[in-house]
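Everything below concerns the one structure shown next.
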Amino acid sequence: MNQAMINSAVTLGQLQHKMDTTGHNLANMNTSGYKRRDVSFSDLLFQQVNNQSSQQYETGRQTPAGIRTGTGGAVAQTAVRFEQGSISQSGRDLDVAITEPGYYFELVPGENGERRFTRDGAFYLSPNPNNQAENFLVDRSGEYIQSQEGQPITIPGSFRDLRVSETGEIQVTLNDGENTEVTAGQLQLVSITKPQLLESHGGNYYGLPDLDELNLEIDDVLTESAGTQVFQQGALEMSNVDMAKEMNDMLQTQRGYQFNTRAISITDEMMGLVNNIR
């Protein structure tokens with residue numbers, strides 16, 4: 001009976017992780033560029049208790065003799081699903097959607113030099129403190145968007161029109177009375193050939209693991225793809241969360257949670273009966 005309570009208690013903690021993941025997916029259902037997470041389970045250690053006579057039950061028996069006891073279930077993996085999300089028209093000039101799966105915007109590396117990628121194309125302008133005549137192109141968290149040359153993209157401070165081509169080239173019409181057109185930069189684009197290696201860094205950002213430990217080169221994981229026709233201005237890629245699926249997963253998880261709590265309650269009642277035997 002103690003084993004039954006241990007099994008249920010262990011599994012309850014893992015089911016809570018599943019519930020948290022489902023809730024996280026639902027909370028980000030309207031977050032542009034978000035990729036849902038799926039949780040898979042596996043059995044923990046189990047043992048075979050041979051407490052039945054093999055001679056008595058050998059004839060016609062379809063299952064092994066004995067009782068198979070385990071220690072519950074555990075989360076085996078929390079995987080990010082990179083399926084393409086739907087494209088939603090926003091009409092905003094600084095919104096850029098990637099229309100094909102497998103491609104990512106690249107951000108300017110942080111202080112630690114790690115490369116970071118995102119599918120969220122909701123961009124904004126941030127003033128350059130060292131030059132009032134230009135602005136940096138940033139994401140919703142203020143991170144600099146990287147150009148093909150590996151530098152932050154800068155936009156002239158005074159412009160009348162901004163266009164992003166299907167290849168990611170940013171054209172700006174200046175508000176100088178002459179409608180001068182200039183090229184502000186080329187959006188960097190990478191194609192991740194091994195998306196299963198991507199690590200989630202939170203905030204819709206992804207990074208790469210230590211490739212040296214995996215005996216891989218950077219070319220084995222990604223390809224520089226700037227100039228590919230996968231950009232759409234005035235639109236955003238929405239999350240790939242399926243609300244119906246997530247609600248179904250939540251109900252199944254709740255039933256599993258209910259089943260295990262009931263198992264603990266019944267085991268406690270049985271132990272109480274045993275203790276009250278005179």
Side-chain angles (χ1 to χ4, degrees), residues 1-29 31 33-50 62-64 66-85 101-102 104 114-120 191-216 220-222 238-267:
M1 286 185 287
N2 285 335
Q3 188 63 47
M5 298 187 73
I6 292 174
N7 294 353
S8 298
V10 170
T11 306
L12 283 174
Q14 305 304 302
L15 289 172
Q16 183 63 54
H17 180 80
K18 168 67 173 177
M19 185 67 73
D20 292 342
T21 302
T22 302
H24 189 264
N25 287 340
L26 289 171
N28 287 278
M29 188 172 61
T31 301
Y34 176 81
K35 301 302 178 185
R36 64 184 176 89
R37 274 75 170 167
D38 278 350
V39 176
S40 58
F41 291 87
S42 64
D43 291 333
L44 293 175
L45 291 174
F46 64 88
Q47 62 181 350
Q48 187 81 11
V49 180
N50 296 318
Q62 300 297 317
T63 58
I67 301 174
R68 190 179 186 186
T69 63
T71 52
V75 172
Q77 184 184 32
T78 301
V80 182
R81 302 304 181 187
F82 292 100
E83 295 90 352
Q84 177 77 20
Y104 297 82
E114 287 185 337
R115 301 183 70 171
R116 297 172 297 167
F117 314 98
T118 184
R119 293 275 300 188
D120 188 359
S191 173
I192 306 295
T193 55
K194 296 184 184 300
Q196 69 274 13
L197 296 180
L198 287 178
E199 297 178 342
S200 178
H201 289 181
N204 253 354
Y205 301 140
Y206 301 96
L208 297 174
D210 188 346
L211 298 181
D212 292 336
E213 294 182 357
L214 301 175
N215 295 321
L216 293 173
D220 298 328
V221 180
L222 62 84
M238 303 309 294
S239 73
N240 61 357
V241 175
D242 184 346
M243 185 175 182
K245 177 184 179 303
E246 298 301 326
M247 293 299 295
N248 181 64
D249 288 348
M250 179 176 290
L251 289 174
Q252 290 184 352
T253 305
Q254 288 177 333
R255 291 302 300 271
Y257 202 95
Q258 181 183 22
F259 173 80
N260 281 277
T261 54
R262 183 58 179 160
I264 292 177
S265 177
I266 292 175
T267 304

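- Of all the heavy atoms in Thr78 and Val75, the pair that sits closest is OG1-CG1, 4.0 Å.
- Thr118 places a side-chain N or O within 3.5 Å of a backbone atom of Asn204 that can act as its donor or acceptor partner.
- Between Leu214 and Val221, the closest side-chain pair of non-hydrogen atoms is not below 4.5 Å.
- Rounded to the nearest 0.5 Å, atoms CG (Leu211) and CG (Leu197) are 7.5 Å apart.
- The structure places CG of Leu198 at 11.5 Å from NZ of Lys35, a figure rounded to the nearest 0.5 Å.
- Taking a 6.0 Å sphere around CZ of Arg81, one finds it holds more than 12 heavy atoms contributed by other residues, nucleotides or ligands.
- Of the options Gln254, Gln252, Glu246, a side-chain contact (heavy atoms from CB on, under 4.5 Å) to Thr22 is made by Glu246 and by none of the others.
- Counting only heavy atoms from C-beta outward, the side chains of Asp249 and Lys18 approach each other to under 4.5 Å.
- Of all non-hydrogen atoms in Pro101 and Phe82, the two that sit nearest each other are CB-O, 4.5 Å.
- To the nearest 0.5 Å, atoms CD (Glu199) and CG (Asp210) are separated by 9.0 Å.
- Between Ile264 and Ala9, the closest heavy-atom pair is CD1-N, 4.0 Å.
- Within the 4.5 Å cutoff, the side chain of Tyr206 has no heavy atoms near those of the Ile192 side chain.
- A salt bridge is defined here as a Lys NZ or Arg NE, NH1 or NH2 lying under 4.0 Å from an Asp or Glu carboxylate O, and Asp20 with Arg37 fails to meet this definition.
- Sorted by first and then second residue, the pairs that involve residues 2-25 and meet ring-ring contact (aromatic ring centres under 6.0 Å, His included), not counting sequence neighbours, are His24-Tyr34.
- One finds the CD1 atom of Ile266 at 9.5 Å from the OG1 atom of Thr261 (value rounded to the nearest 0.5 Å).
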Test log, rule side-chain contact (heavy atoms from CB on, under 4.5 Å), inputs Leu15 and Phe41: CA-CA 9 Å; Leu15 289 172; Phe41 291 87; 4.2 Å; yes
Stepwise side-chain contact (heavy atoms from CB on, under 4.5 Å) test for Lys245 and Asp38: CA-CA 11 Å; Lys245 177 184 179 303; Asp38 278 350; 3.6 Å; yes
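- Nearest heavy-atom pair across Asn240 and Arg36 is OD1-N, 2.9 Å.
- A distance of 11.0 Å separates CG of Leu26 from OG1 of Thr21, quoted to the nearest 0.5 Å.
- Ser239 places no side-chain N or O within 3.5 Å of a backbone atom of Gly33 that could act as its donor or acceptor partner.
- Not a single donor-acceptor pair under 3.5 Å links the side chain of Ser8 to the backbone N or O of Met5.
- Rounded to the nearest 0.5 Å, atoms CD (Gln258) and OG1 (Thr253) are 12.5 Å apart.
- Closest non-hydrogen pair, His201 versus Gly207, comes out as CE1-CA, 3.6 Å.
- Between Leu222 and Tyr104, the closest side-chain pair of non-hydrogen atoms is not below 4.5 Å.
- Residues Asn25 and Val241 share a closest heavy-atom pair of O-CG2, 3.6 Å.
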